[in-house]
Undergrad: 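Here it is: the structure, laid out below.
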Amino acid sequence: MSRVDTTAVRPAPGPRPGPVHGAERGSVRKAVSLTDQVVLDASRPLWITHLRPDPRRLTLAVVSIARLRERGPHGLAALRARYLTAAETEQAATLRAPRRRLEWLAGRLALKHAVSAHGRRHWGLAREPRTVEVRAVSGGLQGGRPVVDAPVEVGLTHSGDFAVAVCGPHAVGVDLEHDRPMPPTLARLLDEECDPRAPSADARRLAAMPATLRWTCKEAVLKYYGFGLRIDAGEVALTGWLPDGRFTWRPGGGLLRHAPVAETRRPAGWAGVVAGHHLALVERPPGG
């Protein structure tokens with residue numbers, strides 16, 4: 001785990017999983033899959049790692065919403081006072097629903113710690129998480145997409161007891177869904193895209209992928225472009241799921257019309273199940 005400012009958000013004690021490596025300490029063990037590198041443990045207030053292989057230059061942070069919930073009103077007020085900028089504090093005050101306020105705070109904490117740890121790892125900057133300002137794009141198809149005052153792109157998702165943030169030098173999309181039954185109509189639509197008798201082994205494997213994980217892949221792709229569900233998820237057609245977790249897809253015409261013209265290579269996707277949660281990550285391919 002990275003050495004981060006944890007005076008108010010403190011990682012739980014105990015041994016670290018093997019594939020996790022800190023910004024300063026490094027690791028000689030190479031994880032073969034992102035599944036082995038991501039820890040979702042509600043008892044850990046904060047968990048950070050730098051995803052391997054190193055050339056991808058992505059930092060991932062997980063904040064436990066469950067542990068935040070245990071702090072109570074006074075503890076949460078102290079966290080807001082410690083970590084939020086004046087503009088963020090003003091935005092937080094506009095959120096009325098308690099659950100939404102908690103998820104929003106967890107997301108900001110995850111983003112700030114991810115950016116701080118990434119800067120220390122890759123730029124040698126000792127920037128405190130509380131100094132990182134998180135804003136959101138206003139209006140348009142990318143309205144609501146998080147951005148930070150640092151030279152990185154960020155992605156954010158939250159589901160159940162976790163908020164997950166990822167940052168790196170290029171666009172990134174991430175989505176997390178806790179394991180739950182899909183609405184029957186949506187599940188049927190997702191199943192119609194898959195052929196369990198397809199000649200390709202990767203396509204048959206996709207047909208066996210849980211419906212919730214397939215949905216997570218689609219959302220991660222749309223988040224990569226900053227659109228979210230403002231673009232129909234049907235514009236992302238999944239075509240295969242490889243044994244190492246990578247998934248393949250093709251864009252529909254509607255997505256192509258809105259995607260940045262500078263995109264010359266299709267973003268790379270990965271999907272898997274971690275601690276009962278469906279997780280998908282989309283990033284610019286090497287050399288893209």
Side-chain angles (χ1 to χ4, degrees), residues 1-12 23 40-50 58-123 125-139 142-168 172-176 223 226 228:
M1 185 181 299
S2 301
R3 180 160 51 84
V4 295
D5 174 14
T6 55
T7 305
V9 183
R10 188 177 303 279
L40 297 177
D41 181 351
S43 70
R44 291 174 178 250
L46 173 67
W47 185 88
I48 297 175
T49 193
H50 305 285
L58 292 180
T59 300
L60 182 145
V62 180
V63 167
S64 169
I65 297 175
R67 291 300 298 270
L68 287 182
R69 194 178 298 118
E70 295 172 356
R71 288 180 172 271
H74 295 296
L76 293 175
L79 278 180
R80 289 192 293 268
R82 178 174 179 80
Y83 282 101
L84 300 186
T85 65
E88 292 165 346
T89 299
E90 184 177 341
Q91 183 179 357
T94 67
L95 304 174
R96 301 303 178 190
R99 177 179 174 180
R100 175 61 183 139
R101 288 200 301 269
L102 201 62
E103 291 175 343
W104 185 91
L105 177 60
R108 265 49 191 177
L109 291 173
L111 284 166
K112 289 169 180 278
H113 279 287
V115 172
S116 174
H118 187 274
R120 185 164 48 251
R121 168 82 166 192
H122 296 289
W123 315 322
L125 298 179
R127 184 177 183 183
E128 297 292 343
R130 62 178 176 267
T131 68
V132 176
E133 183 167 12
V134 183
R135 304 183 306 280
V137 174
S138 60
Q142 292 192 340
R145 179 175 68 88
V147 293
V148 296
D149 60 343
V152 293
E153 299 284 344
V154 297
L156 176 66
T157 182
H158 47 68
S159 181
D161 286 336
F162 302 101
V164 178
V166 182
C167 75
V172 61
V174 62
D175 193 60
L176 179 75
K223 286 183 174 182

Undergrad: Give, for atom CG of Leu76 and atom CG of Leu102, the distance between the pair rounded to the nearest 0.5 Å.
TA: 6.0 Å
Undergrad: Side chains of Asp149 and Val132: closer than 4.5 Å at any heavy-atom pair?
TA: yes
Undergrad: Looking at CG of Asp161 and CD of Glu103, how far apart are the two atoms once the value is rounded to the nearest 0.5 Å?
TA: 10.0 Å
Undergrad: A quick test of your reading: do over 12 heavy atoms of other residues, nucleotides or ligands sit less than 6.0 Å from CD of Glu70?
TA: yes
Undergrad: Decide yes or no for Thr59 and His113: does some side-chain heavy atom of the first lie under 4.5 Å from some side-chain heavy atom of the second?
TA: no
Undergrad: So, do Glu153 and Arg145 sit near enough that their side-chain heavy atoms are less than 4.5 Å apart?
TA: yes
Undergrad: So, taking the atom named CD in Glu133 and the one named NZ in Lys112, what distance separates them when rounded to the nearest 0.5 Å?
TA: 7.0 Å
Undergrad: If you measure from CZ on Arg100 to NE2 on His158, what distance do you get to the nearest 0.5 Å?
TA: 5.0 Å
Undergrad: Could you tell me the separation between the CH2 atom of Trp104 and the CG atom of Leu84, rounded to the nearest 0.5 Å?
TA: 5.0 Å
Undergrad: Indicate yes or no: does Arg130 engage Glu88 in a salt bridge with an N to O separation below 4.0 Å.
TA: no
Undergrad: Less than 4.5 Å apart, any side-chain heavy atom of Leu109 and any of Leu68?
TA: yes
Undergrad: Would you say that Leu111 contacts Pro146 through its side chain, given a criterion of any heavy-atom pair below 4.5 Å between the two side chains?
TA: yes
Undergrad: Could you tell me whether the side chain of Leu105 reaches within less than 4.5 Å of the side chain of Leu95, counting heavy atoms only?
TA: no
Undergrad: Check Phe162 against Ser64 and note the closest heavy-atom contact, atom names and distance.
TA: CD2-CA, 4.5 Å
Undergrad: What distance do Leu58 atom CG and Arg121 atom CZ have between them, rounded to the nearest 0.5 Å?
TA: 11.5 Å
